[in-house]
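Beneath this line is the structure, given in structure tokens, with notes to follow.
Here the structure is a predicted model, which is why all the values come from computation and not from measurement.
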Amino acid sequence: MGEGIALAFAQAGVQVSLIDLKPREPEAQADYFAATRRNLEAEAGNLVALGLIGAHRVAPLLSRIGLLPLEEGGQALEGCRLVFEAVPEVLAAKREAFAWIDRHVSAQAIIASTTSTFLVTELAAMVSAPQRLVNAHWLNPAHLMPLVELSRSERTSDAVVGELLQTLRAIGKVPVVCNARPGFIVPRLQALVMNEAARMVEEGVASAEQIDLAVRTGFGLRFSVLGLLEFIDWGGGDILHHASAYLSQHLGERYQAPQSVRDNMATGRNGLRDGVGFYDYQAMDVQAYRQTRLAALVRQLHNTGLAPRFDGGEPLRP
């Protein structure tokens with residue numbers, strides 16, 4: 001993850017230092033950095049192969065990433081404005097890393113943990129100034145995926161969150177903010193979906209190949225255009241409510257509709273057709289909104305080679 005984050009900033013023209021927090025003998029350190037450099041070179045080569053950069057950009061890209069041993073890292077942190085912690089998901093390792101970072105960074109530096117396991121509220125006690133600690137959860141591969149989930153505690157400074165949001169947007173990322181809850185946003189959603197997919201294989205509903213084909217050509221395509229809550233409003237919260245009642249009867253309570261869906265149905269807030277649901281559409285040009293979302297879906301269909309075909313021949317085009 002550290003390598004991916006370094007590439008993300010280096011791609012945007014920012015100089016980055018990767019600090020190895022594990023003390024090593026000189027030979028072991030050289031071997032470790034050689035392996036790290038090979039990894040970075042391989043990822044840069046992939047960017048070329050994917051047509052994202054020209055081969056002439058590889059050397060400048062990699063030159064922006066410095067590799068520093070522990071004994072040199074402290075000095076590098078003194079003038080650093082933003083530090084990402086990316087040590088293994090072991091609490092003792094986190095505690096040791098934060099103690100070391102805390103000793104060396106300036107009072108103005110922002111400290112961001114990339115943990116996907118621990119809550120920022122658990123980590124806050126590991127630094128002397130909890131108001132500057134935030135969780136920045138990147139999705140793999142970090143240098144390609146736009147999303148970064150920022151998780152804050154009640155003690156996290158608004159100014160720290162605002163500056164980190166601005167920094168991430170400046171390098172082309174799409175940051176979102178959530179409170180400190182297990183699973184953040186994406187991991188919590190995907191854990192449910194992935195477990196349910198595995199459960200369907202166990203139950204003989206369909207093969208792994210058929211389930212994944214359905215996801216790639218239906219589920220995934222649709223939700224690349226509409227957010228989940230947006231889709232509830234699009235189809236109608238009452239539809240979800242009734243479908244959930246049927247599914248929970250046959251598949252268990254994990255399919256019961258949450259209270260928010262029940263409340264929306266009871267108060268006539270079912271989404272687009274009522275003018276309000278999880279979103280408020282009353283001041284919106286709904287027809288233009290629908291057309292924009294459908295146009296985005298058509299672009300995705302063409303990008304994936306799945307656009308409907310006219311008379312069975314050429315794909316329909318806008």
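- In this structure, Y281 and Y289 have tilted ring planes: the angle between them lies in the 30° to 60° band.
- The pair D102-R132 counts as a salt bridge, with a side-chain nitrogen and a carboxylate oxygen less than 4.0 angstrom apart.
- Residues V127 and L123 are members of one and the same hydrophobic cluster, defined by side-chain heavy-atom contacts under 4.5 angstrom among Ile, Leu, Val, Met, Phe, Trp and Tyr.
- E89 and T117 form a side-chain donor-acceptor contact under 3.5 Å, judged by distance and modelled atom types alone.
- Checking side-chain atoms of E149 against main-chain N and O of V186 turns up a donor-acceptor pair under 3.5 Å.
- For the pair D238 and R273, the salt-bridge criterion is met [side-chain N within less than 4.0 Å of a carboxylate O].
- Using modelled atom types, one finds a donor on one side chain and an acceptor on the other under 3.5 Å when comparing S113 with E85.
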Candidate pair S248 and E253, rule side-chain hydrogen bond (donor to acceptor under 3.5 Å, both in side chains), full reasoning
CA-CA 5 Å; S248 62; E253 64 180 25; over 6 Å; no

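- For the pair R290 and W234, the distance from NZ or CZ to the six-membered ring centre is under 6.0 Å and the angle to the ring normal is within 45 degrees.
- With salt bridges taken as basic N to acidic carboxylate O contacts below 4.0 Å, one links R254 and E196.
- The aromatic rings of F223 and F219 sit perpendicular to each other, their planes meeting at more than 60°, with 30° as the lower class boundary.
- At least one test fails for R64 against the ring of F9: distance under 6.0 Å to the centre or angle within 45° of the axis.
- Between D158 and R152, at least one side-chain N (NZ, or NE/NH1/NH2) sits under 4.0 Å from a carboxylate O, which counts as a salt bridge.
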